[in-house]
Every structure is written in C-alpha cells, then in structure tokens.
Asker: 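Before we start, here is the structure in question, set down as structure tokens.
Note that the structure is a prediction, hence the values are computed from the model and not measured. Computed over heavy atoms, backbone and side chain alike; hydrogens, waters and symmetry mates excluded.
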Number of protein chains: 2
Amino acid sequence: MPVTIQDVAREAGVSVSTVSRAFTVPDLVKEETRQHVLQTAERLGYRPNRAARGLITGKTGNFGVIVPDLSNPFFPTVLKGVQARAREADYAVFLADCDENPAEEMALVQAMAKQVDGVILCSSRMTPSQLDRVVGTTSLVFINRQVRDSPAVLMGPAGGMRQAIDHLAALGHRRVAYLNGPKTSWSNRERRRGLRQAARHDMEIVELGPFAPRFEAGPHAADLVIAEGVTAIIAFNDLLALGVMSRLADRGVAVPEEMSVVGFDDIPMAGMATPPLTTVAMQNERAGRAAVDLLVNLLTVSGADAGDLRRDLECQLIVRASTTVPARS
Amino acid sequence: MPVTIQDVAREAGVSVSTVSRAFTVPDLVKEETRQHVLQTAERLGYRPNRAARGLITGKTGNFGVIVPDLSNPFFPTVLKGVQARAREADYAVFLADCDENPAEEMALVQAMAKQVDGVILCSSRMTPSQLDRVVGTTSLVFINRQVRDSPAVLMGPAGGMRQAIDHLAALGHRRVAYLNGPKTSWSNRERRRGLRQAARHDMEIVELGPFAPRFEAGPHAADLVIAEGVTAIIAFNDLLALGVMSRLADRGVAVPEEMSVVGFDDIPMAGMATPPLTTVAMQNERAGRAAVDLLVNLLTVSGADAGDLRRDLECQLIVRASTTVPARS
DNA sequence: TGAAACTATGCAAACGTTTGCAGAGCCGGT
DNA sequence: ACCGGCTCTGCAAACGTTTGCATAGTTTCA
C-alpha cells in the first residue's frame, strides 16, 4: 500500500539509486532525469521512509524534548519555539513530560536515545549523578540548566532581577521579600544570585521559603509575607506570585496599594490577572528556537567547535499594575 | 558505538534470532537461555532499534499529536494525558503545533504519516476537503471534532451548558448573553446546540460574536455585552471570559455583583482569576488518554470492530465566585 | 523401538533506504 | 586513433531488526 522508492524507480524507468540521489544529492543526477523522477514521485505520492533512511545514515531526523510538567504554563511556550524551529530545520520532535520526576526523566532520555539525534532537556530535574549516566548516550542540549560544558541556553535572570530591584527601589520600597522556589532548582539559585548582585544599601531583603513553584503555595507564602511587614514581594515565579495575590485579596491587603508584587516568567495569565502582574519576561520561545539551533549545530559540525555552545538570553522587566509606590505607613 | 542485537548475540553465544525472540516472543525461547540473553543485553546496555524493527514489522511504535496552538492553555492539559497514556502503552509521541493553520496541519499529518502508526488530531481546524485528503494516509483519531465515522473522543458540552443555564436560572438571571467562538469550530457549534437544547421559557438568550477564543477578544465582547443590558454572560471559553472580566473591571462593572460570568474549559488560570471563574470543566487529560486508547485499539484489533469508535466525556459545571444572583435593577 | 509431535534454536530473506564501486558513454587533447 | 578524465547511472552491500522455514534434540505414545 505505501509507495516506496522501488515503485518510483520502476514507474520512472530508472534504478532506485537514481531516485534516491534525485532527492538527496541532486547534482549527481542529470537535470532532465531528475525532474522526471521528481514528477513521478510526486504523482505517486511518494514520501521517503525516514526510518529506513535513518537505519543506514545513522541519523533519524528526529529529536526529543523533555519537560518537567506540561501543566506548568512556562513550558508550552518554550515548546512552541522548539517545535517551530525544528520544523524549519526539517526535524520532527518527540515530546515527553516526566512529571517532575528525575528518575522518570532519566529513563525517558535513555528510551529516546535510539530514536533521536539529540535531546533537549528543559529545566532538567536530574541529579548530577543521573546526568552523568545519560550524558554521552545521545547529544544533549539544556535549557535553563548549566551542566559542565554541555551546550545550553540560559535565561539568566540576573539582569531582570536587577531591573526588578531598581524598579521597586525607585518606587520607594525599602523592605522587600523574596519568595524562594525549589532549592534544588538552577533557576532559583540564579535568581538568588541575581538578587545578591543587585543588592543595594538602601534596601533590605527578606528571604522566605522555599515554596513549590505553584499557585497553591501562594497562600502560605502570603501569610508569611504579611507577618514580615514588607511593602513589596518578588516571587520565584508568576504562579507563586498569583497565588500570593489571591491570598492577599482574601485577607484584604490591596495590591498594589498596600503590597507590590513582582513575578518571574511572564506566563500568559500574568497579563490577565487583576491587577495585571509586573513580572520579568523570559524569551521562552526564542530559547526554544535557540536550543534547536544549538542542537543542529552540534550535529552538523562534527569537530569540537568550542564556539557557541552556550546561549544567554536577556530577560526584561515588564511593569504592569501590581507594583506602585508603597503606602505611607 | 551503539550496541546492536548482534553484539548481544555474540556475547551471549546465541544467534540473533534467539535474542530477538527473547524480547518479543519470550515463550518461544527456553527460560534459561532467555534469562541469560536478557542479562547480557542489560549488561551491554542494549536497547532495540525501533526504526529497524519498524522497518520490518510495519509498526513504528510512535504516534503523532497535532494541536492548533500550544500557547492556548487548553491543549497542554490534553497533551499531558496523551503523553502519559502513550508511555504506559509503550508508544512515543511526536508533537506538532500547526499555529491554527489548516494547510499546515494537513502538511504535518502527511509528513508524519510514514513515521507513526497513527495521529491524534486535537480540535482539528482542517476543512472537510482537506480532511478527505488525509483520511486514509494513516490512522486518525480526533479529539473534539466529529468527522463521518472516524474514531473520536468528544467532550460534548451539552450537559455542561445545561448545568450552566440552570445554574444561572436558579440564581434568578432572566437575560443572558452567549459569546460565540470561531464559527467554524466544532466546539462552538456544539455549545450553541447545547444552548438551544437547554433553552427555557423563562430565560432570554442574546447571542453575540463570533469572537476569537482569546483573552484579547474579551474587551470588545465586554463592551457589546454591556450595551445589551444582560445580567449574565456565558463565554465560548475561559480565555474569552477572562478578557471580558478584565474589561468589565476597567469599566467599573463589578463581577459577580453586577454581571455574572461563566466560561468553558476550566483552564488553570480560571481558578486563579479574581474573582475565580465559574466554568464548565472538560476532562482534558482523560480525553487525551481516551484518544490514545482508541488509537491503540484501532491498531491492535484488526477487523472492523465497529464497537467503541467514539468516546463521549461528560463535562461538569464548576461554580466559583464569578456568578451570583443578579443585582436588583 | 520407532514414528509422531513438540521444543528450542539457527539460517537467511526481507523491510526501504543510502552509498562505494564500477561501467558506459562522451568530450577534448595529443 | 588513443587515452585520460568527466558525467551519469546501475549493481549490490549494508544498516538492525523480525520471522518463515528448516533442523536437531527431546518427549510421548502405541
């Protein structure tokens, strides 16, 4: 039923080699025959079998993406970038969601390894020892995780954190809470690092947490924050920030009048919240695309091209309505 | 470098056939040798090459999922279900996002066809004629779209719509607006159908739209609604509902006191909005799983098992804080 | 004791490609 | 007239599996 290269060859009156070459190395076959072959192929609806091709070339034309949790709105956006760029580069993408489970993530990489030319690990939750076991099984590119000299695209939050701090300082805040994310998270470590770098003598930072990076953790965080007597909050991510705002509303603390709130990620709902959330936007989609670029680069240039193994993407503070000058005490 | 079945055979001192059988038809090989083979395979880190296997069996062990837009939070949740169930059934999933573009969607199906055993089309945007061209190229399962007698899992909104109407009626609303989604959308047609079925003599329905199923379309819709003088709104989906609420807030119309709002989908941010949105919850994740079940069923049982080609999932009204009794006029 | 029936294994062909090698035809230079 | 080189094409081997057929060994039963 499926039409193979043989069918095309027979129909076109040439050998299979010629058909194959007409597709893969066009300049090796006479223009005239080539056109003929292409037309017959088109007419028969021929599509090369990538599996068979992969068998001999050793390349599959696929790669994998593993994300910790599809229901975290951060990931679909980077996935979208990965997906788009992959299609442009004529790759197909395998998707897997490891449910925030490092062991599962490792298993997935191993399962994928044979079917793909490389894997993009998005905010990988694996431990270093788990990573050691998978590095080398296939080409890996990381997003938002730095592991030795593996290629990675990083959305370093330091710049965004500085902008957030400066923004709050300019508004007049002098005592600000930072709500930590998961303590094993690379992102949280980087955000804290950014926080320390941005430290100012005229502002006191109160660290709270760690909290799960989810809406549900917000209320607990909010209660702790209120007790601290700060005038502004920087949350590890938007989900947490939104959870906090929800609880603040319940407790009658007006945002932004009595409490300014800043998030991280600029997930779609950040702009839809009431009040719309001031947040640090990551270039997720571009990160996805960049990861693909890194990967294809890694696969095509053979040698140790120590060049651009790493891509750093700036982030950007987006000021919306959840921040303003602190209330007079 | 990669370890093949040959390596295992040599190392274990048996033929490749035996190794192959030890994995695929365990009862054809003596338990003792089988254990031996399995251990050597494990020791060498052997993983069967699915492409090679697929070449001969005609099955790839993969399937594809195509969604219209990953940044619509509705889809990642069903994707999550697909993904999880697929892994349980030992399938790998290809993901593609067609950017709401029907032509692109068709091209994607065709491109995938050779690499997968079947494709799940989520809220397909294809025209009937486009569908005709792809039906038959590979096994298809639809989610939220009914096309002839193709297998499909449908989240029929009729029940949810009735619940929504009854809920609003019970609160005392007598004039309610329905905000249409895209008019080519199966979901919108079904929701309207549910609306008519749920019609009551004591309630007047005002239809508006169509609107894009996005937050950005909300403000426009909200302005129209206000002019209509209704006391409650049922929106095509949550995104639209949230956009409406945002605008209502801007225009000083209090939700729910002056205007009740009901959405559809129960996307994550519905529960996080202020006020939390009353909405009709779909069983997205279950829908994803069901689609996979349908597909594997379709692939394993050969004959025309006219049995369960269709799966209907009930939906459920979730009452939150965006609906209440109408203000006294 | 011998045939029949199993059981466990190996051999080799097949799946749909790509690609090294070789041959055929042609052109230009001597 | 011959040779070297170039251009185009075909043959056949390979990729890593699965599987029909054959074979050798073992058991069962009359």
Asker: Could you tell me whether the side chains of B/N144 and B/S123 share a donor-acceptor contact shorter than 3.5 Å?
Answerer: no

Asker: Which whole-number value in Å describes the distance from B/H36 NE2 to C/dT9 P?
Answerer: 12 Å

Asker: Can you give one letter per nucleotide of nucleotides 17-25 of chain D, going 5' to 3': B for a protein heavy atom under 4.0 Å from the base, S for sugar-phosphate only, - for none?
Answerer: BBBB-----

Asker: A/F23 vs A/Y46 aromatic rings, parallel, tilted or perpendicular, using cut-offs 30° and 60°?
Answerer: tilted

Asker: What is the distance, to the nearest angstrom, from the CD atom on A/E31 to the C1' atom on D/dT9?
Answerer: 16 Å

Asker: Would you kindly give the NZ-to-P distance between A/K59 and D/dG16, to the nearest whole Å?
Answerer: 14 Å

Asker: Does any residue of residues 86-94 of chain B have a heavy atom under 4.0 Å from DNA chain C, and if so, which ones, in number order?
Answerer: none

Asker: Are a donor atom and an acceptor atom from the side chains of B/S20 and B/S17 found within less than 3.5 Å of each other?
Answerer: no

Asker: Could you check whether B/T127 and B/Q130, counting side-chain N and O atoms only, form a donor-acceptor pair closer than 3.5 Å?
Answerer: yes

Asker: Flag the pair A/L298 / A/L294 as yes when at least one side-chain heavy-atom distance between them is below 4.5 Å, and no otherwise.
Answerer: no

Asker: Among A/V109, A/V147, A/V67, which residue meets the side chain to side chain contact (heavy atoms under 4.5 Å, CB included) test with A/L121?
Answerer: A/V109

Asker: Under 3.5 Å, is there a donor-acceptor pair linking the side chains of A/E105 and A/S124?
Answerer: yes

Asker: Testing the basics here: between B/R125 and B/R145, what is the closest heavy-atom pair and its distance to 0.1 Å?
Answerer: C-NH1, 3.9 Å

Asker: May I have the distance from A/L28 (atom CG) to D/dT9 (atom P), rounded to whole angstrom?
Answerer: 10 Å

Asker: For the pair made of CG in B/D7 and P in D/dC15, what is the distance, rounded to whole Å?
Answerer: 11 Å

Asker: Measure CG/B/D27 against P/C/dA8 and give the value in whole Å, please.
Answerer: 10 Å

Asker: What is the distance from CG of A/L55 to C1' of C/dC15, rounded to the nearest Å?
Answerer: 9 Å

